[in-house]
Amino acid sequence: MKAEDVAQYLQEHPQFFNDYADLLADIQISHPQSDKVISLNERQFISLRERNRALQDKLLELISFGEENDAIGEKMHRLAIALISVANLDELLNALYFSLKEDFSVPLVAMRFWKIPGADPLKVEFTPTSEDVQAIAESLPQPYCGNHIADEIKQWFGESSEHLHSFAMIPLNTSQTIGLLVLGSPDAERFYPEMGTLHLKRLGELACTTLARCGQLENTETATA
């Protein structure tokens with residue numbers, strides 16, 4: 001008889017444990033972490049203790065995630081408050097860059113806009129971008145996090161680009177894709193593919209909503225209609 005057959009029999013006939021209670025008390029098995037022999041009851045106690053420890057670890061992990069999300073939510077709230085008070089594009093950019101670098105501890109931030117008539121060509125944010133970069137932004141259904149980005153986008157960070165090893169790309173969308181916000185970090189694990197992107201998406205929405213409120217997107221919406 002195979003071990004699987006014994007296990008299935010015991011599952012299907014729980015009365016066995018009542019009929020042979022003395023046998024269960026007499027069975028001796030090896031300790032999972034040592035060479036000594038213990039009773040079946042002791043082994044069950046060890047299993048329950050290990051299961052309880054695993055549940056405690058999982059609970060602590062969930063609490064840690066909750067605290068982290070609360071902290072990020074508080075930072076997003078402060079950014080939203082700051083953006084409410086801006087009156088023009090310069091104030092928007094200053095508030096956004098300051099929050100990302102000082103509050104969110106993002107080492108480097110780069111942003112480009114396109115399809116915005118009347119934009120100031122002297123601002124680095126309106127430096128012309130290739131159709132390939134615009135296509136990348138338009139293809140993103142949600143923010144991208146990972147270790148690889150297009151060379152053209154990486155060059156937005158200038159001389160610091162060679163020290164960056166993880167990135168978050170946030171498409172800036174209204175009725176169409178009008179730009180791309182990119183966060184860079186020298187830590188290869190700062191922005192990783194499996195991380196949640198909800199707050200990054202909201203960050204892009206805040207930026208676009210503030211642009212529209214400042215009147216920066218009025219011509220774009222008209223041109224799109």
Side-chain angles (χ1 to χ4, degrees), residues 75-140 142-146 148-186 190-191 197 199-225:
K75 294 174 183 179
M76 291 294 294
H77 177 70
R78 287 198 292 268
L79 174 58
I81 294 297
L83 293 181
I84 287 174
S85 63
V86 305
N88 53 54
L89 178 61
D90 287 335
E91 292 181 1
L92 162 62
L93 296 176
N94 289 337
L96 187 59
Y97 291 148
F98 179 85
S99 176
L100 289 172
K101 293 180 180 181
E102 301 298 329
D103 214 0
F104 288 90
S105 300
V106 178
L108 290 170
V109 180
M111 184 160 44
R112 294 292 185 274
F113 293 103
W114 52 82
K115 299 178 182 178
I116 299 182
D120 184 355
L122 298 180
K123 290 186 179 298
V124 66
E125 289 81 10
F126 295 106
T127 302
T129 56
S130 69
E131 293 184 359
D132 289 340
V133 168
Q134 295 182 28
I136 290 173
E138 292 170 358
S139 69
L140 294 176
Q142 60 186 12
Y144 160 86
C145 296
H148 305 288
I149 58 173
D151 289 339
E152 179 182 343
I153 298 175
K154 193 172 184 179
Q155 292 309 310
W156 294 355
F157 296 99
E159 296 180 356
S160 300
S161 62
E162 62 185 61
H163 304 296
L164 301 178
H165 301 293
S166 68
F167 306 88
M169 293 194 300
I170 307 168
L172 302 175
N173 301 314
T174 55
S175 57
Q176 60 180 332
T177 303
I178 61 166
L180 186 65
L181 173 61
V182 186
L183 317 180
S185 172
R190 176 66 187 275
F191 302 111
T197 59
H199 292 296
L200 295 175
K201 181 179 180 181
R202 288 176 175 174
L203 178 62
E205 292 172 346
L206 276 174
C208 287
T209 300
T210 308
L211 273 173
R213 185 176 59 78
C214 292
Q216 192 67 44
L217 300 182
E218 289 180 356
N219 292 333
T220 303
E221 300 296 338
T222 301
T224 306

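Remember, predicted model here, so these are calculated numbers, not experimental data. Residue numbers count from 1 along this sequence.
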**Q.** Stepwise side-chain contact (heavy atoms from CB on, under 4.5 Å) check, L183 with L200
**A.** CA-CA 10 Å; L183 317 180; L200 295 175; 4.0 Å; yes
Q: Show the numbers, then the answer: is there a side-chain contact (heavy atoms from CB on, under 4.5 Å) between L203 and L79?
A: CA-CA 9 Å; L203 178 62; L79 174 58; 3.3 Å; yes
Rounded distance (nearest 0.5 Å) linking atom [atom1] of [X] with atom [atom2] of [Y]:
| X | Y | atom1 | atom2 | value |
| --- | --- | --- | --- | --- |
| I136 | T177 | CD1 | OG1 | 12.0 Å |
| N173 | I178 | CG | CD1 | 8.0 Å |
| H199 | M76 | NE2 | CE | 7.0 Å |
| Q142 | M169 | CD | CE | 12.0 Å |
| K123 | M111 | NZ | CE | 10.5 Å |
| T129 | F113 | OG1 | CZ | 11.5 Å |

Give me the atom names and distance for the closest heavy-atom approach of [X] to [Y].
| X | Y | answer |
| --- | --- | --- |
| G179 | A137 | O-CB, 4.2 Å |
| S105 | R190 | O-NH1, 2.9 Å |
| L181 | V109 | CD1-CG1, 3.6 Å |
| T197 | C145 | CG2-SG, 4.1 Å |
| P107 | P186 | CG-CD, 3.7 Å |
| V106 | G184 | CG1-O, 4.0 Å |

Counting only heavy atoms not in [X], do more than 12 sit closer than 6.0 Å to its [atom1] atom?
| X | atom1 | value |
| --- | --- | --- |
| N88 | CG | yes |
| F98 | CZ | no |
| K154 | NZ | yes |

(Q) Using side-chain heavy atoms (C-beta onward) and a distance below 4.5 Å, is E125 in contact with L89? (A)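 Result no, sub-4.5 Å side-chain heavy-atom pair not found.
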Q: Measure the shortest side-chain to side-chain distance between L96 and L206 over non-hydrogen atoms and say whether it is less than 4.5 angstrom.
A: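 They are not in contact (no side-chain heavy atoms under 4.5 Å apart), so the answer is no.
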Tell me whether [X] contacts the main-chain N or O of [Y] through its side chain, where contact means a donor paired with an acceptor under 3.5 Å.
| X | Y | result |
| --- | --- | --- |
| R213 | V86 | yes |
| S161 | F157 | no |
| T127 | V124 | yes |
| S99 | A95 | no |
| K75 | D103 | yes |
| E152 | S130 | yes |

Q: Apply the test side-chain contact (heavy atoms from CB on, under 4.5 Å) to residues W156 and V133: give CA-CA distance (whole Å), side-chain angles for both, the deciding distance (0.1 Å), then the verdict.
A: CA-CA 12 Å; W156 294 355; V133 168; 3.9 Å; yes
